[in-house]
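Below is one structure, written out as structure tokens; the observations come after it.
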Amino acid sequence: MAAEITLFKALGDGGGRNGPVAGRPVQSYSASFTPAISGVIRVYANGTPVVLTIGGKSLTVPSGWIEYFGVVANQDVTVG
């Protein structure tokens with residue numbers, strides 16, 4: 001598995017402060033998927049660089065890095 005991906009409902013604690021922490025995890029993925037909700041994904045490239053395509057834009061997460069991206073419900077996220 002080259003990517004560990006977690007979908008979260010929100011960023012921050014929801015109490016009027018927005019900290020740099022994803023909150024309320026919903027689902028985990030390791031391959032291409034279509035999220036059922038809009039939210040934030042945390043992507044960990046755990047072996048090789050991972051290329052994500054979200055809304056027609058491709059983004060690369062370097063090996064060993066963790067990155068966060070916003071996603072929209074029912075929009076395909078392709079992991080390559």
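All figures in this text were calculated on a predicted structure; none of them were measured in a lab.
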So, using ring pair (Phe, Tyr, Trp, His ring centres under 6.0 Å) as the criterion, who are the partners of Phe33 when residues are at least two apart?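 For Phe33, the residues satisfying ring pair (Phe, Tyr, Trp, His ring centres under 6.0 Å) (neighbours in sequence not counted) are Tyr29.
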
Quick check: closest heavy atoms across [X] and [Y], and the distance to 0.1 Å?
| X | Y | answer |
| --- | --- | --- |
| Val79 | Ser32 | N-OG, 3.0 Å |
| Gln75 | Gly55 | NE2-CA, 3.3 Å |
| Ala45 | Val61 | CB-O, 3.6 Å |

Residues in side-chain hydrogen bond (donor to acceptor under 3.5 Å, both in side chains) contact with Thr34, at least two apart in sequence or another chain: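 Residues passing side-chain hydrogen bond (donor to acceptor under 3.5 Å, both in side chains) with Thr34: Asp76.
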
Under a 3.5 Å threshold, yes or no: a donor from one side chain and an acceptor from the other, between Thr53 and Ser58?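 Short answer, yes.
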
List the residues meeting side chain to side chain contact (heavy atoms under 4.5 Å, CB included) with Ser28, not counting sequence neighbours, and say none if there are none.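 So Ser28 forms a side chain to side chain contact (heavy atoms under 4.5 Å, CB included) with Thr6.
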
I'd like to know if [Y] and [X] are part of one continuous hydrophobic network [Ile/Leu/Val/Met/Phe/Trp/Tyr, side-chain heavy atoms within less than 4.5 Å].
| X | Y | result |
| --- | --- | --- |
| Tyr68 | Val51 | no |
| Ile41 | Ile37 | yes |
| Val43 | Ile54 | yes |
| Leu52 | Trp65 | yes |

Could you grab the distance from atom CZ of Phe69 to atom CG of Leu59, nearest 0.5 Å is fine?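 Reported to 0.5 Å precision, the distance equals 5.0 Å.
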
Please round to the nearest 0.5 Å and tell me the distance separating atom CD of Gln27 and atom CD1 of Ile5.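 Reported to 0.5 Å precision, the distance equals 11.5 Å.
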
May I ask you to test the Pro49-Ser63 pair for a side-chain heavy-atom distance under 4.5 Å?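 Heavy-atom side-chain distance check passes, below 4.5 Å.
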
